[in-house]
Amino acid sequence: MPAETAVPIRSGRTPLVIRVLVLATFVVILNETIMINAIPRLMADLHVDDRAAQWVSTAFMLTMAAVIPATGWFLQRVTTRQAYATAMAVFLLGTALSALAPSFAVLLIGRVIQAGGTAVMMPLLMTTLMTVVPEQDRGRVMGNVTLAISVAPAMGPVISGLVLQVGSWRWLFVLVLPIAGVVTWLGLRQLKNVGEPEAGSIDVLSVVLAALGFGGLVFGLSRFESGDYTTPALIVAGGIALIAVFALRQIRLQRTGTPLLDLRVLLAGTYTKALVLMSVAFLAMMGSMILLPLYLQNLRGLSPLATGLLVMPGGLAMGLLGPTVGRLFDRFGGRWLVIPGAVGIAVALAGFSRITLTMPYWQLLGLHILLMISLAATFTPVFTLGLGALSHHLYSHGSSMLGTLQQVAAAFGTALVVTVMSSRSSALIEEGVDAVTAHLDGTRLAFLVSAALALIVVVAAILLPSRAAVEEDIEDEFAAATPPELVKG
């Protein structure tokens, strides 16, 4: 779905195509975390244990990690409307199947199909945005996109908590189905094609390597919380090895044909720094999304609904500030936002490492809002600066790599905080410390480790430029390494 130049739009206005794609992306990404609160209901209704029930979330994340690497190639081969129609049709099929699932196995299949459609939407949105929006307006428009990519995962547990108060877990899909159907209909009525598709065959071996490599890595990371560290470590090592083979295969295909995921995006220094910063920041966000509910429900005795309501203001603040952050980026550049945002992330996580059993809820609320606002100040400039350093040939591949690393970071963040927390708790219990105190101390240590990792975000923020600029050596490398018939313009 490449294009030679941006489609002219009136300055200061968000293109209709972006508005439609943001709405659709919000609806589909919301489903990544919407089942977190439904685990106990699934265990009772479908007669599965807690480890099996966790697969409704794990399978979604696993599929996303396996499919997203192929979306860069896919988006260059089909029109905007074809990509949108395919993604939403697959998502609707998975949602309907999940709502009607007579057994857990069928529900799991439905979730996998849902994730297959979701995996296409995020790279489609980012690629289209970078193609149709002029550089001077990208910060403002990217700020609106923050609603979909950052707030939707945070709002999933809140919405599911509200729905589960009055209805079955099936309503989590029944309510989404008509909304997604209307969004699909509106999109197909309003969307126009951006750019022209390119011809090219797909390398099947690359697809297999990407699916097994990234999927295996995410699966292995998700298994660390089971307490058995040997088997997950072997799976992670196998996933990393397959990813290495995949990377070597892409480097070869860059010289002889069309790669599934073009690794030349990593030659852009600004993009690579943004990728690292985004991954660690997303890791911090997902880690807090796991730790805070565990603390509030297991140690403070709050219900899932009360927990969701406590973290909702932070999610809303993050989304509402997105457009403002975007406008500030367009006016002042990225460093004035990213550096304070990175510091805010580290400070908030450090504050969470001091939690007690009697800490006032207003302090917890304040720390969470600080974390979400800091993430909002970070995500919008980072996405814009990173993708802005690439030539238009590489937008779809850059978006795909960002999406893939998000899933890996989410899995790594979850595995890290759960492993640190459980290991510390178990060690203290063996020393004779009571379970509640041990759990609290383990939670504090997990937040402290996250805060330490957030210092990487601060360093990467300092190294980022204030404005995005296409790195010409990447364009030269693209032209030199790609067969002439595949290069347009």
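Because the structure is a prediction, the values reported are computed rather than measured.
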| said: Please tell me whether Q250 and S206 have a donor and an acceptor in their side chains that are separated by less than 3.5 angstrom. | reply: yes
Would you say that [X] contacts [Y] through its side chain, given a criterion of any heavy-atom pair below 4.5 Å between the two side chains?
X: M318; Y: I373; value: no
X: L464; Y: T270; value: yes
X: L453; Y: L416; value: yes
X: D203; Y: L253; value: yes
X: F91; Y: I113; value: no
X: L260; Y: R249; value: no
X: V78; Y: T86; value: no

Calculate, to the nearest 0.5 Å, the distance between atoms [atom1] and [atom2] belonging to [X] and [Y] respectively.
X: L394; Y: L387; atom1: CG; atom2: CG; result: 10.5 Å
X: L217; Y: L242; atom1: CG; atom2: CG; result: 10.5 Å
X: T384; Y: L129; atom1: OG1; atom2: CG; result: 7.5 Å
X: I235; Y: I240; atom1: CD1; atom2: CD1; result: 12.5 Å
X: D262; Y: W73; atom1: CG; atom2: CH2; result: 14.5 Å
X: Y395; Y: S400; atom1: OH; atom2: OG; result: 14.5 Å

Determine the minimum heavy-atom distance between [X] and [Y], stating which atoms define it.
X: S160; Y: L172; result: CA-CD2, 3.6 Å
X: L261; Y: M401; result: CD2-CE, 3.6 Å
X: P232; Y: G220; result: CB-O, 3.3 Å
X: A180; Y: L92; result: CB-CD2, 3.6 Å
X: I243; Y: G213; result: CG1-C, 3.7 Å
X: V67; Y: A119; result: CG1-CB, 3.7 Å

| request: Please lay out, stage by stage, how Q114 and T63 fare under the test side-chain contact (heavy atoms from CB on, under 4.5 Å). | output: CA-CA 9 Å; Q114 261 194 329; T63 305; over 6 Å; no
| request: Quick one: sort the F246 and F214 rings into parallel, tilted or perpendicular, breaks at 30° and 60°. | output: perpendicular
| task | Mind telling me whether F173 and W169 have parallel, tilted or perpendicular rings, with 30° and 60° as the class edges? | result | perpendicular
Check: [Y] main-chain N/O paired with [X] side-chain donor or acceptor under 3.5 Å:
X: T71; Y: I68; value: yes
X: R111; Y: F60; value: no
X: S168; Y: W171; value: no
X: Y271; Y: L390; value: no
X: R170; Y: A99; value: yes
X: R81; Y: L188; value: yes
X: S279; Y: A409; value: no

| Run the side-chain contact (heavy atoms from CB on, under 4.5 Å) check on M121 and I29 step by step: do they pass? | CA-CA 9 Å; M121 286 305 304; I29 290 183; over 6 Å; no
| Going through the checks in order, is the side-chain contact (heavy atoms from CB on, under 4.5 Å) test met by M372 and L375? | CA-CA 5 Å; M372 292 294 106; L375 287 167; 3.6 Å; yes
| task | Show the numbers, then the answer: is there a side-chain contact (heavy atoms from CB on, under 4.5 Å) between V132 and I18? | result | CA-CA 9 Å; V132 305; I18 300 299; 4.0 Å; yes
